Amino acid sequence: MIIQPKVRGFICTTAHPAGCQAVVRQQIDYIKAQPHTDGPKKVLVIGASMGYGLASRITAAYSFGAATIGVIFDKPAGGVRTASSGWYNTAAFEGFAQADGLYARTINGDAYSQAVKEQTIDLIKKDLGKVDMVVYSLASPRRTTADGTTYSSVLKTVGQPYTNKTIDLKNRVVSDITVQPATEEEIAATVKVMGGEDWKDWISALKAADALEDSAVTVAYSYIGPDITHPMYADGSIGKAKDDLFAASRQITAEGTQAYISVNKALVTQSSAAIPIVPLYISILYKVMKAHGTHEGCIEQMYRLMNQKLFNGAAVTDEENRIRLDDLEMQPEIQSEVQELWSTIATENLGTHADIDGYFEDFYRLFGFGIDGVDYTADLDPAVAIPSLA
Ligand code: NAD
């Protein structure tokens with residue numbers, strides 16, 4: 001099969017195995033080239049196939065030599081369909097890890113389910129005994145609970161509608177969008193999906209099975225961002241879920257396992273592309289941070305998290321005990337330049353006011369496209385095995 005990108009809305013329905021492999025290789029090479037601190041050696045990553053979770057897995061493996069178990073929810077190739085990029089990423093990661101003598105196993109299934117929790121715990125008990133770090137990096141539009149109810153998360157405001165600029169990524173047109181407030185029921189459902197309940201369930205299940213070291217650390221990811229995004233994000237329905245995630249970190253810590261929220265930078269991932277207003281903000285942010293030489297991707301962020309903020313002596317936190325990887329994004333000079341560009345951005349000046357090309361470069365990279373050195377005219381077999389699932 002000759003694999004080309006097929007973009008529908010804000011997702012790409014195809015993925016390129018050689019491209020995804022090259023992107024994973026680049027992330028591994030980045031970590032290998034950095035100085036390392038000492039850190040956890042047996043790491044469970046929930047949501048390990050893309051974005052921040054994948055970068056967390058790569059960082060733990062290649063900074064600390066950690067054995068990693070990744071929980072993913074991805075599709076293998078079938079018929080004329082390619083596998084999902086998370087599938088190819090995981091296949092590539094396991095291949096590289098094996099070649100480098102690192103333990104890496106994967107569970108593919110719904111992380112919210114009891115069955116996947118049990119399967120994961122069985123594997124930990126069998127191969128590792130206990131884990132000493134749990135990364136919780138799920139980003140999902142829905143969750144089905146044990147009683148069979150399915151909850152869907154929404155990306156809406158809370159209370160009032162909010163109008164601001166957004167970008168239609170398909171046509172590269174800037175226009176105003178009014179985001180409507182979520183109902184109470186929608187807010188509660190968003191909290192069910194993206195809040196802290198399932199994180200707490202994972203930690204309780206691991207503890208009950210004696211699969212978690214007493215000294216273990218667990219981390220989940222959040223976002224705050226500037227005022228222009230607050231009604232949509234920090235103060236919106238997803239923000240309510242993130243408040244719940246933060247409350248969960250306190251509860252997990254109070255119950256004896258050190259839990260942190262890491263507030264990460266806004267980046268192009270499959271999840272962030274779906275949020276109104278935010279992609280336009282990201283493309284301006286990229287422009288400003290690249291000009292200042294402070295731009296980072298997921299792997300640079302996760303490198304700093306693990307080697308500088310979490311495990312290099314005492315954790316570096318703000319007054320609310322959160323780790324702030326958004327420190328560079330939120331620098332006053334960065335935000336005032338973003339604000340200035342935001343106030344005048346329009347379709348006609350997108351090229352000068354925002355790094356739209358950088359945005360799309362990152363978007364296509366998520367699916368393994370646009371990578372130097374990859375032959376996109378090659379006829380490939382899309383069926384690639386994840387070694388531990390083969
Ligand atoms: P992503 O879409 O790149 O990755 C999400 C991962 O979760 C994927 O590996 C996906 O396969 C997995 N997943 C989803 N549903 C699953 C399920 N039911 N079972 C198992 N795995 C499942 O997302 P991301 O942007 O890396 O987000 C990860 C976390 O980081 C989220 O909590 C998000 O809110 C947070 N965050 C993201 C940004 C950003 O700008 N992208 C910024 C700060 C914080």
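Order of listing sets the numbers, starting from 1, for every ligand and every atom in it. Just so you know, these numbers come straight off a predicted model, no measurement behind them.
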* What do you reckon, are the aromatic ring centroids of Phe367 and His16 less than 6.0 Å apart? -> no
* Ring center gap for Phe64 and Phe311 short of 6.0 angstrom -> yes
So, is [X] polar-close to ligand 1, with some N/O to N/O distance under 3.5 Å?
X: Val71; value: no
X: Asn264; value: no
X: Gln270; value: no

Measure [X] to ligand 1 on non-hydrogen atoms and call it side chain, backbone, both or neither using the 4.0 Å cut-off.
X: Val116; value: neither
X: Lys265; value: backbone
X: Leu138; value: both
X: Trp87; value: neither

* Can you name the ring pair (Phe, Tyr, Trp, His ring centres under 6.0 Å) partners of Tyr112, sequence neighbours left out? -> none
Can you give the donor-acceptor pairs under 3.5 Å from side chains of residues 68-77 to other protein atoms, not counting sequence neighbours?
| from | atom 1 | to | atom 2 | distance (Å) |
| --- | --- | --- | --- | --- |
| Thr68 | OG1 | Arg57 | NE | 3.0 |
| Asp74 | OD1 | Ser84 | OG | 2.8 |
| Asp74 | OD2 | Ser49 | OG | 2.8 |

* Tell me which one of Gly70, Ala273, Ser49, Ser84 gets a heavy atom nearest to atom 11 (O) of ligand 1. =>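 Considering heavy atoms of Gly70, Ala273, Ser49, Ser84, the nearest to atom 11 (O) of ligand 1 sits in Ser49.
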* Residue Lys6 excluded, over 12 heavy atoms near NZ under 6.0 Å ->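 No, because the 6.0 Å sphere around NZ of Lys6 holds 12 heavy atoms or fewer from other groups.
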* Asked: Mind checking whether Tyr52 and Tyr221 have parallel, tilted or perpendicular rings, split at 30° and 60°?
  -> tilted
